[in-house]
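Keep in mind that the numbers below use all heavy atoms, side chains included, and drop hydrogens, waters and symmetry copies.
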Amino acid sequence: MTAPIDPTTTSAWAELTSLKDGFAPDLRAWFAADPTRVERLTLDVADLHVDLSKNLVTDEILAALVKLAQETKVAERYAAMLAGEHINTTEDRAVLHTALRRPARDVEHLVVDGQDVDQDVQEVLAKEYAFAEKVRSGEWRGITGKRVTHVVNIGIGGSDLGPVMVYEALEPYATAGISARFVSNIDPTDIAQKVKGLDPETTLFIVASKTFTTLETLTNARLARDWLWTSLAAAGVDVSTDALKDDAVAHHFVAVSTALDKVAAFGIDPTNAFGFWDWVGGRYSVDSAIGLSLTITLGPDVFRQLLAGFHAVDRHMAETPLEKNVPVLMGLLNVWYVNFLGAQSHAVLPYAQQLHRFAAYLQQLTMESNGKSVRWDGSPVTTATGEIFWGEPGTNGQHAFYQLIHQGTLLIPADFIAVVNPAYPLKDGGQDVHALFLANFLAQTKALAFGKTAAEVEAEGTTGALVAARTFAGNKPTTSIFAPSLTPSVVGQLIALYEHITFTQSVVWGINAFDQWGVELGKQLALQIAPAVEGDAAALDAQDASTQALIAYYQEHRK
């Protein structure tokens with residue numbers, strides 16, 4: 001195991017510390033003095049047009065940040081990841097989500113731990129595509145011979161956040177008459193609402209759990225199975241025997257899992273189980289068989305385009321010099337804001353309603369990856385790590401939390417994402433509504449960057465105490481990301497962009513971005529507490545006073 005490099009011991013860190021001392025950003029002055037700033041700081045990666053010019057950096061700061069990436073060996077660690085080295089140190093695993101989107105090749109197959117990774121990936125993709133075509137064509141039918149009209153994906157974490165985000169983003173491509181719903185929360189309300197109004201004869205459930213042991217997923221899967229049997233019986237379908245029930249499950253359930261014995265025990269034909277590998281982390285898995293709901297509803301061709309978008313950014317990350325490498329630069333900017341300017345959160349503000357779940361997706365990707373206080377060798381971190389990622393689509397956010405970003409006391413870097421051509425081009429009278437929408441996107445980044453001076457406020461006739469209230473400080477950093485339209489490829493590019501931003505930060509900080517031990521303790525304790533909630537006196541006695549009191553309240557008020 002290669003020890004992480006302590007970034008605070010590098011010469012680049014010393015340079016950045018010196019540059020931060022007395023740092024007084026002035027975007028107005030920088031833009032006025034440098035007519036080439038926008039051109040120099042605007043870069044393209046595949047279809048994404050990325051304007052970094054409104055960030056709080058000078059050329060000197062950017063050069064020091066690139067040097068930091070060199071000294072912490074970001075490029076070398078990325079190459080090690082692509083090659084299949086076990087950079088997930090705590091689980092002794094390779095990290096190969098990038099292999100999920102490598103195009104099929106006749107030569108140069110990637111072999112890791114004795115396995116032909118490319119062959120494995122292509123075999124699962126072929127099986128996934130063939131099954132999706134059977135459902136879409138009507139060859140696959142429910143137990144009463146009706147075509148599938150609804151797919152319900154049951155998963156949690158990466159088995160839910162990725163598919164639901166991409167499905168919402170690419171909904172205009174769902175043209176085969178099959179729609180998707182997604183169940184994740186163990187709150188029974190979730191499954192109850194998601195099956196409401198569905199026809200059991202035309203519904204296909206996908207149970208997504210690699211080990212087929214995930215508490216929430218298996219609980220919801222059993223509830224869905226009970227719903228299927230009950231609803232079919234109510235519709236006059238005979239499911240009175242175990243054999244008939246098993247037949248119903250076989251027609252209406254498939255799995256994304258490698259635990260074929262558990263899949264079969266549930267009643268799902270193992271032939272209809274789609275596997276993936278331990279080198280695919282959940283939050284990096286939407287481009288694996290976890291995306292089965294997408295290949296069915298959107299089609300294999302759309303999924304192939306999605307994968308191509310991922311791969312285009314993977315290649316950019318691998319082949320582009322650091323000083324022009326978009327995900328590396330964006331990751332380094334985040335390091336600058338967190339470690340030198342004291343930012344603790346990061347807003348993602350898509351001016352595209354189809355991306356309304358993108359911030360939620362990024363929360364798991366970034367915060368589960370980089371929310372660590374130890375480095376990949378088990379030693380304590382030497383810097384602050386991670387940011388709170390959050391956001392909502394514009395213009396909703398403008399009428400909610402933008403006030404804090406514009407005039408609050410916190411530094412909140414923000415990424416604005418927009419597309420030139422909307423999926424639904426509508427007009428209000430003669431007004432192009434999308435053009436009006438994008439005017440807001442452009443106005444917000446301009447206002448955040450350049451603000452409004454007291455003199456400008458006074459020139460409008462405002463006087464007295466209102467002048468200060470209507471003054472905007474500006475110098476609020478933003479990155480603008482434009483794309484021609486929200487195609488499947490562009491969605492893949494956006495996901496991969498943030499994957500590699502996250503990776504860049506993790507390498508600088510020396511942490512393992514591919515484990516998530518922090519989610520385990522609560523799950524273990526929940527299994528211990530559940531008997532106490534159900535009335536087990538011994539289990540209750542083992543709890544702390546606060547937990548005991550809360551359980552007592554629950555038991556007293558539960559009807």
Side-chain angles (χ1 to χ4, degrees), residues 1-21 23 37 40-46 48 50 52-53 55-89 95 98 313-341 343 346 366 369-370 372 375-377 379-387 413 477 479 496-514:
M1 177 174 59
T2 304
I5 296 167
D6 182 349
T8 66
T9 65
T10 63
S11 61
W13 196 274
E15 289 179 30
L16 289 163
T17 301
S18 177
L19 290 167
K20 184 260 181 184
D21 292 340
F23 180 62
R37 179 179 176 88
R40 289 199 326 278
L41 296 181
T42 299
L43 301 166
D44 292 326
V45 48
L48 305 180
V50 182
L52 304 174
S53 66
N55 280 280
L56 305 185
V57 287
T58 61
D59 290 343
E60 198 174 11
I61 291 169
L62 276 177
L65 287 170
V66 169
K67 184 178 177 182
L68 179 64
Q70 293 168 338
E71 292 184 335
T72 54
K73 300 190 181 299
V74 169
E76 290 86 345
R77 192 136 182 104
Y78 185 71
M81 184 180 84
L82 294 182
E85 294 185 24
H86 286 209
I87 68 168
N88 180 349
T89 52
V95 176
T98 52
V313 178
D314 294 344
R315 298 318 313 160
H316 173 93
M317 177 76 175
E319 298 168 358
T320 307
L322 296 178
E323 62 272 15
K324 295 292 184 182
N325 195 305
V326 175
V328 169
L329 290 175
M330 291 181 69
L332 292 171
L333 286 170
N334 291 352
V335 169
W336 169 245
Y337 293 131
V338 169
N339 295 124
F340 296 93
L341 300 188
H346 193 108
T366 61
S369 294
N370 286 343
K372 312 289 172 59
R375 301 190 297 171
W376 68 64
D377 64 350
S379 61
V381 297
T382 60
T383 67
T385 63
E387 314 102 296
T479 294
L497 174 67
Y498 281 89
E499 287 179 349
H500 301 330
I501 290 169
T502 302
F503 175 84
T504 298
Q505 292 175 251
S506 76
V507 177
V508 171
W509 290 328
I511 60 180
N512 176 11
F514 305 104

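Checked against the 6.0 Å centroid threshold, F23 and W336 count as a close aromatic pair.
For the atom pair CG of L41 and CG of N55, the computed distance is 8.5 Å after rounding to the nearest 0.5 Å. Between atom OG of residue S506 and atom CD1 of residue I87 there is a gap of 7.5 Å, rounded to the nearest 0.5 Å. The CD1 atom of I61 sits 7.5 Å away from atom CG of L341, with the distance rounded to the nearest 0.5 Å. Separating the CG atom in L62 from the CG atom in L19 is a distance of 10.5 Å, to the nearest 0.5 Å. For the atom pair H86 NE2 and M81 CE, the distance stands at 14.0 Å (nearest 0.5 Å). The line from CZ of R40 to CG of D59 is 4.0 Å long, rounded to the nearest 0.5 Å.
For CD of E76, the number of neighbouring non-hydrogen atoms (other residues, nucleotides, ligands) closer than 6.0 Å is greater than 12.
The shortest distance between side-chain heavy atoms of P477 and Y337 falls below 4.5 Å. D6 has its side chain within reach of R375: a pair of non-hydrogen atoms, C-beta onward, lies under 4.5 Å apart. Within the 4.5 Å cutoff, side-chain heavy atoms of N512 are placed close to those of N88. Contact of the I511 side chain with the W376 side chain is not registered, since no non-hydrogen atoms from C-beta on lie closer than 4.5 Å. Under the 4.5 Å side-chain criterion, counting only non-hydrogen atoms from C-beta, V338 is in contact with W509.
Between L332 and V508, the shortest heavy-atom distance links the atoms CD2-CG2, 4.2 Å. Residues T382 and P7 share a closest heavy-atom pair of OG1-CD, 3.8 Å. Between P327 and H316, the shortest heavy-atom distance links the atoms CD-CD2, 3.6 Å. The two residues A12 and E71 make their nearest non-hydrogen contact at N-OE1, 3.0 Å. When all heavy atoms are compared, the tightest approach of S369 to T502 is CB-CG2, 3.6 Å. Heavy-atom minimum distance, A69 versus V328: CB-CG1, 4.4 Å.
W13 and N339 form no side-chain donor-acceptor contact under 3.5 Å, judged by distance and modelled atom types alone. Side-chain contact check for Q505 and N370: no donor-acceptor pair (N or O, by modelled atom type) lies under 3.5 Å. Side chains of T89 and D377: no donor on one and acceptor on the other come within 3.5 Å. Counted by atom type alone, H500 and N325 present zero donor-acceptor pairs between their side chains at under 3.5 Å.
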Inset, instruction - Kindly indicate, with the supporting measurements, whether the criterion side chain to side chain contact (heavy atoms under 4.5 Å, CB included) is fulfilled by V50 and M330. - result: CA-CA 10 Å; V50 182; M330 291 181 69; 4.2 Å; yes
Inset, instruction - Show your working on side chain to side chain contact (heavy atoms under 4.5 Å, CB included) between L329 and V66 and close with a plain yes or no. - result: CA-CA 7 Å; L329 290 175; V66 169; 3.9 Å; yes
Legend entry - Full working for side chain to side chain contact (heavy atoms under 4.5 Å, CB included) between K73 and I5: CA-CA 8 Å; K73 300 190 181 299; I5 296 167; 3.9 Å; yes
Inset, instruction - Go through the steps for V326 and L48 under the test side chain to side chain contact (heavy atoms under 4.5 Å, CB included), then give the verdict. - result: CA-CA 10 Å; V326 175; L48 305 180; over 6 Å; no
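Ring geometry for F503 against Y78 counts as perpendicular: the plane angle is over 60°, on a 0 to 90° scale with 30° as the lower cut.
With sequence neighbours left out, the side chain to side chain donor-acceptor pair (under 3.5 Å) criterion links S18 to no other residue. Take E387 and apply the salt bridge (charged side-chain N to carboxylate O under 4.0 Å, His left out) test, not counting sequence neighbours, and it matches no residue. Checked against side chain to side chain donor-acceptor pair (under 3.5 Å), R37 has no partners two or more places apart in sequence or in another chain.
The backbone N or O of K372 lies less than 3.5 Å from a partner atom in the side chain of T385, making a donor-acceptor pair.
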